[in-house]
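It should be emphasised that the depicted structure is a prediction, and the values quoted were computed from it without experimental measurement. Sequence positions, counted from 1, serve as the residue numbers for this chain.
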Amino acid sequence: QVQLVESGGGLVQAGGSLRLSCAASGRTFSGFSGWFRQAPGKEREFVADINWSGGTTRLADSVKGRFTISRDNALNTMYLQMNSLKPEDTAVYYCAAGTNLEGYKYWGQGTQVTVSS
């Protein structure tokens with residue numbers, strides 16, 4: 001059993017920064033883990049992910065150059081550093097984990113990020 005807990009969301013002014021954390025309990029991260037977001041009235045959107053074996057990362061085009069995904073193996077925690085935030089980044093951000101074969105299986109409860117103009 002894996003549980004994912006997000007933290008670090010909040011209200012920030014446009015141009016500001018936030019760092020989201022996703023801590024896993026039950027088992028260590030393996031395979032892929034990543035961040036998704038969902039704004040009101042929109043579908044859930046891929047933001048970024050990381051491979052826990054090699055550390056390779058992917059970012060959505062909309063956040064490249066502004067967001068960075070990283071990991072801390074010792075703390076079994078994944079991070080999303082968000083810089084130069086824009087109002088369109090406002091969404092509930094979800095942490096997810098899974099494997100290449102199974103896809104994303106485990107999901108956190110989400111943390112709200114609100115960027116004001």
Side-chain angles (χ1 to χ4, degrees):
Q1 185 178 7
V2 176
Q3 293 183 339
L4 305 175
V5 180
E6 304 99 333
S7 62
L11 175 65
V12 66
Q13 194 170 355
S17 299
L18 286 173
R19 188 180 74 162
L20 305 183
S21 299
C22 174
S25 62
R27 295 183 65 87
T28 57
F29 278 115
S30 62
F32 284 88
S33 64
W35 294 93
F36 294 77
R37 66 186 183 186
Q38 188 167 22
K42 295 185 177 181
E43 295 183 345
R44 187 170 56 207
E45 175 189 21
F46 169 80
V47 177
D49 64 12
I50 186 168
N51 184 287
W52 282 82
S53 178
T56 56
T57 62
R58 301 186 301 165
L59 288 90
D61 289 340
S62 60
V63 304
K64 285 182 178 178
R66 300 188 298 119
F67 291 10
T68 303
I69 187 170
S70 61
R71 61 176 180 169
D72 189 319
N73 295 76
L75 297 178
N76 201 31
T77 300
M78 178 180 64
Y79 305 97
L80 184 68
Q81 178 66 47
M82 304 184 295
N83 299 325
S84 302
L85 283 163
K86 304 174 181 179
E88 50 263 44
D89 294 317
T90 296
V92 177
Y93 284 71
Y94 296 92
C95 174
T99 66
N100 290 353
L101 292 177
E102 298 176 336
Y104 285 107
K105 183 178 180 180
Y106 303 100
W107 295 84
Q109 294 299 308
T111 184
Q112 177 71 48
V113 173
T114 302
V115 184
S116 62
S117 300

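Of all the heavy atoms in S117 and P87, the pair that sits closest is OG-CG, 3.7 Å.
Residues M78 and C95 form a side-chain contact, since some pair of their non-hydrogen atoms from C-beta on lies under 4.5 Å apart. Side-chain contact between T90 and V113 is absent, with no heavy atoms from C-beta onward closer than 4.5 Å. Between Q38 and Y93 the shortest side-chain heavy-atom distance does not fall below 4.5 Å. With contacts defined as side-chain heavy-atom distances shorter than 4.5 Å, the pair D49/T57 does not qualify. No side-chain heavy atom of R58 sits under 4.5 Å from any side-chain heavy atom of T56. V47 has its side chain out of reach of L59: every pair of non-hydrogen atoms, C-beta onward, lies at least 4.5 Å apart. Counting only heavy atoms from C-beta outward, the side chains of V115 and Q13 never approach each other to under 4.5 Å.
A donor-acceptor pair is defined here as one N or O able to donate and one able to accept, closer than 3.5 Å; such a pair exists between the side chain of D89 and the backbone of K86.
Expressed to the nearest 0.5 Å, how far CZ of R71 lies from CD1 of I50 amounts to 5.0 Å. Rounding to the nearest 0.5 Å gives a distance of 8.0 Å between OG1 of T68 and CG of L80. Expressed to the nearest 0.5 Å, how far OG of S21 lies from CG of L4 amounts to 12.5 Å. The OG atom of S33 sits 5.5 Å away from atom CD1 of I69, with the distance rounded to the nearest 0.5 Å. Note: C22 SG to E6 CD = 5.5 Å, rounded to the nearest 0.5 Å.
Evaluation of the side chain to side chain contact (heavy atoms under 4.5 Å, CB included) rule for S84 yields R66 as partners, not counting sequence neighbours. Residues that satisfy the side-chain hydrogen bond (donor to acceptor under 3.5 Å, both in side chains) test with N83, not counting sequence neighbours, are S17, Q81.
W107 and W52 are not part of a single hydrophobic cluster, where members link through side-chain heavy atoms under 4.5 Å apart. Criterion: ILVMFWY side-chain heavy atoms under 4.5 Å apart, direct or through other members. Under it, V92 and Y106 are not part of a common hydrophobic cluster.
Using a 3.5 Å distance cut-off with no hydrogens or angles, the side chains of T114 and Q112 do pair a donor with an acceptor.
The six-membered or imidazole ring of Y94 lies away from that of F36, with a centre-to-centre distance of 6.0 Å or more. Proximity of the aromatic rings of Y104 and F32 is defined here by a centroid distance below 6.0 angstrom, and this criterion is not met.
For Q109, the CD atom is loosely surrounded, since the number of other residues' heavy atoms within 6.0 Å does not exceed 12. The environment of E88 atom CD is dense: over 12 non-hydrogen atoms of other residues, nucleotides or ligands sit within 6.0 angstrom.
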Could you go through M82 and L20, starting from their C-alpha distance and side-chain angles, then the distance that decides it, and tell me whether this counts as side-chain contact (heavy atoms from CB on, under 4.5 Å)? CA-CA 8 Å; M82 304 184 295; L20 305 183; 3.7 Å; yes
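Taking the ring axis of F46 as reference, the NZ or CZ atom of R37 does not stay both within 45° of it and closer than 6.0 Å to the ring centre.
Salt-bridge check for D61 with K64: passed, with a basic side-chain N closer than 4.0 Å to an acidic carboxylate O.
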